[in-house]
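Read the structure below first, then the notes.
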Amino acid sequence: MSRLTNKDVAAQLRLIGDILQIKGENRFRVLAFHNAAESIENLGQDIYAIHRVGALTEIPGVGKSIAEDIAQLLDAGRIEFLEQLKQEVPLGVVEMMKVPGVGPKKAARLWRELGVTDIESLKAAAEAQKLRGLKGFGAKTEEKILKGIELLQSRKEERIPLAAARPAALEVVAALRAILPKTTLVQIEPAGSVRRWKETIGDLDILAASPDPDAVTQAFRSLDLVTEVLWSGRTKSRVRLINGLECDLRVVEPRHWGAALQYFTGSKEHGVAMRELALKQGWSLNEYGLTATGQGDAAVGEQRFFEREEDVYHFLGLDWIPPELRENRGEIEAAQAHRLPRLITQADLQGELHGHSDWSDGRLSIEAMAEAARKRGYRYWLLSDHSAGLGMVGGLDAARVREQAEIVRRLNQRWAEQGVDFRLLHGIEVEIMADGRLGLPDEILAELDVVVASIHSSLRQDRETITTRCLKALENPHVDILGHPTGRLLGQRPPTELDVEVVLQACAAYGVVVEINANPARLDLNDVHARRAVELGCKIAISTDAHSAEDLDLMPYGVATARRAWLTPDDVINTRPLEEMLTLLRNRR
DNA sequence: GCCGTTTTCGGCCCGACTGTTTTCAGTCG
């Protein structure tokens, strides 16, 4: 039996919830399965490890019953309850819920009343205009479903990388600011997962505050960036942008701004937890503000509005929670106890510890890259070109490394003479070869300031092989940093099978620093794993892995990932002054 | 099915928009 990931387990539980939903089961029972699935996906630890110590019920949202289902799945490869459910409802009917506008109720009726069992037969039925015969279904619903199927089948990736979505959201914001006067457009900001800096984005959410919502909605609908208005109401509308992204705009009155921004930033799970917390204090929380339920001290119906978001949190007894933390992973409890971490910021960084020149696959000379780093305010930058042992790009052999050393020495000498406070560190991104040996001999590695070790090839090795390979590399005392540990490329290449938990434990034990690769296509480690790494005692380096000067500007994505992982400046070594940072590396043994 | 500053029962977040319903259910986020 192949090993399951947390995501696989979550998918099975979610499927149970979906089938129950189609069967019309109690919605809270459905919710329980969906909540448990969400919770397992957000877990920093491998679910097998939790199961091994019998701690499944300690996972939030997992009780006795769901714990038994998970145990069955991990031990026997199948959940008996799910197998029964699959006998009752065809999987194609569950799939039908992916079509926009088709939920559990419609899917169930299409199946029972028309005999439609999957998306293909749904399409055929809609084309034959059979849907409009059903009570509650009309011609518009039929068209909407056909269009939805087309959209679904044309779309390859459901979510796009933040680096593509964020500029698009900012562009919409800038375009509206350019058209509307400040008196009409009092506030406007991207909300949703863009504001939380989530690594991938489903659609864009933008929030505006205005005394004249119609004017803002009108301007939004007629932007040049908009190709299609999907629907549009009094305060809320959805369009498709020229880049294919869907974008929602919500307009509220200025006095509602604080509550609305809290509401539309999400995540859904954070929002639900916040509204539950408010209820306990006798207030119902929505996007407009708080309304007293009569269960607390305030009189029923009493309302509170907030022009600033922080005041919503403060009113409920919480410190303001940075958007990056809003995933219901303990941030509300921490804010209540006034124990939120002092999150790292870009300004805390003093240098970078992973980058390339034209000696391997970078675009610029060593000097140009170093100057680009210096211009961005860094005090040090690590030149770490690829080593030999990596077939696809011209990796450096021992002789070339020594040639580089001379160039680095001369550049540093020149800056020193000019009184420039900048140091070019000489390192390598040494290849961890398929058998775990490194791409350069130890005596060369010993001559370098910092060694980053990474995997770029034989990415499809099985879990045990690639984990053992990585552990072997970590044992080498010259390895300082483990680069982009899982090798994933968002939307292009899945992570390797690497047992991240075991590797992080080894990094903690050996004192190897773990990288958060800031390139938005990588973000590797991701937020959940980075948080786990620090829990296990690892230190982190955040680096862009720059191959050009512009790549250096990708750092905000790495910082955001670190913030989503709850990291403080203390957890990250490149917040330290040069000598202190180097001492940390050298003292690891 | 889960959970506990209403703790082993009785709750479980909230509202906008659409389509087709003449008063609201379904979907979505």
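Here is the naming used below: chain letters follow the sequence lines, and residue numbers restart at 1 for every chain.
The residues Arg532(A) and Glu501(A) are annotated as salt-bridged, a charged nitrogen and a carboxylate oxygen being separated by less than 4.0 angstrom.
Tyr557(A) places no side-chain N or O within 3.5 Å of a backbone atom of Ala521(A) that could act as its donor or acceptor partner.
Within the 4.0 angstrom heavy-atom criterion, only backbone atoms of the sugar-phosphate kind lie near Ala139(A); the bases stay farther away. Here Ser232(A) lies in heavy-atom contact (under 4.0 Å) with sugar-phosphate atoms only. The residue Leu285(A) sits close only to the backbone: its heavy atoms come under 4.0 Å of sugar-phosphate atoms, none of a base. Among the protein residues, Lys106(A) comes within range of the sugar-phosphate backbone only, with heavy atoms under 4.0 Å from sugar or phosphate atoms but none that close to a base. When heavy atoms are screened at a 4.0 angstrom cut-off, Gln281(A) is found touching no nucleic acid atom at all. At a threshold of 4.0 angstrom between heavy atoms, the contacts of Val30(A) with the nucleic acid are absent. Nucleic acid contact class of Val251(A) (heavy atoms, under 4.0 Å, all strands): none. Using a 4.0 Å heavy-atom cutoff across all strands shown, Arg250(A) reaches sugar-phosphate atoms only and no base atom. Counting any heavy atom pair closer than 4.0 Å across all strands shown, Phe264(A) reaches no nucleic acid atom.
dC13(B) and dT5(B) have their P atoms separated by 16 Å, given to the nearest Å. Here the separation of dA16(B) from dC12(B), taken at their C1' atoms, is 22 Å to the nearest Å. Comparing the C1' positions of dT8(B) and dC14(B) gives a spacing of 28 Å, expressed to the nearest Å. Taking atom C1' in both dT6(B) and dG11(B), one finds a spacing of 9 Å when rounded to whole Å. Between the C1' atoms of dT20(B) and dG26(B), the separation comes to 11 Å (whole Å).
Side-chain rings of Phe305(A) and Trp257(A) stay apart, their centers remaining 6.0 Å or farther from each other.
Under 4.0 angstrom from either OP1 or OP2 of dC17(B) there lies no side-chain N or O belonging to Lys236(A). For dA16(B), the OP1/OP2 oxygens have no side-chain nitrogen or oxygen of Tyr263(A) closer than 4.0 Å. Look at Arg275(A) and you won't find any side-chain N or O under 4.0 angstrom from OP1 or OP2 of dC13(B). OP1 or OP2 of dG29(B) has not a single side-chain nitrogen or oxygen of Ser193(A) nearer than 4.0 Å. Proximity of Ser284(A) to the phosphate of dC14(B): a side-chain N or O atom is located under 4.0 Å from OP1 or OP2. At dT20(B), one or more side-chain N or O atoms of Thr141(A) fall inside 4.0 Å of OP1 or OP2 (strictly under the cut-off).
Going from atom CH2 of Trp231(A) over to atom P of dT20(B) covers 17 Å, rounded to whole Å. For the pair Gln262(A) CD and dC13(B) P, the interatomic distance rounds to 15 Å; values are reported in whole Å. Atom CG in Leu207(A) sits about 14 Å away from atom C1' in dG29(B), given to the nearest Å. One interatomic measurement links the two molecules: CZ of Phe28(A) to C1' of dC9(B), which rounds to 14 Å at whole-angstrom precision. Atom C1' of nucleotide dC3(B) and atom CZ of Arg29(A) are separated by 17 Å, given to the nearest angstrom. Note: CD (Glu38(A)) to P (dC2(B)) measures 17 Å, nearest angstrom. For the pair Lys64(A) NZ and dT8(B) P, the computed distance is 19 Å after rounding to whole Å. Glu287(A) places its CD atom 15 Å from the P atom of dC13(B), with the value rounded to the nearest Å.
Checking dA16(B), dT27(B), dC17(B) against every side-chain atom of Pro104(A), the shortest atom distance belongs to dT27(B). Taking every side-chain heavy atom of Thr235(A) into account, dA16(B) is the closest of dG19(B), dA16(B), dG15(B). Among the nucleotides dC13(B), dG1(B), dC28(B), the one closest to any side-chain atom of Glu276(A) is dC13(B). The side chain of Lys280(A) sits closest to dT6(B) out of dC2(B), dG15(B), dT6(B). Listed candidates were dG15(B), dG29(B), dG19(B). Nearest to the side chain of Lys140(A) is dG19(B). Of the candidate nucleotides dG29(B), dG1(B), dG26(B), dG29(B) has the atom lying nearest to any side-chain atom of Asp203(A).
No side-chain donor-acceptor contact under 3.5 Å links Asn328(A) and His270(A).
Within the cation-pi definition used here (under 6.0 Å to the ring centroid, within 45° of the axis), Arg3(A) qualifies as a partner of Tyr48(A). Taking the ring axis of Trp320(A) as reference, the NZ or CZ atom of Arg308(A) does not stay both within 45° of it and closer than 6.0 Å to the ring centre.
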Working for side chain to side chain contact (heavy atoms under 4.5 Å, CB included), residues Leu122(A) and Leu114(A): CA-CA 9 Å; Leu122(A) 172 61; Leu114(A) 281 182; over 6 Å; no
Please lay out, stage by stage, how Ser267(A) and Arg196(A) fare under the test side chain to side chain donor-acceptor pair (under 3.5 Å). CA-CA 8 Å; Ser267(A) 65; Arg196(A) 302 198 315 280; 4.7 Å; no
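Checking dT8(B) for Watson-Crick or G-U wobble geometry (two distances, each under 3.5 Å) identifies no partner in any strand.
Position along DNA chain B of the nearest nucleotide to Gly138(A) versus Val99(A) favours Gly138(A) as the more 5'-ward residue. In this structure, Leu230(A) and Lys268(A) both approach DNA chain B, and ranking their closest nucleotides by distance from the 5' end singles out Lys268(A).
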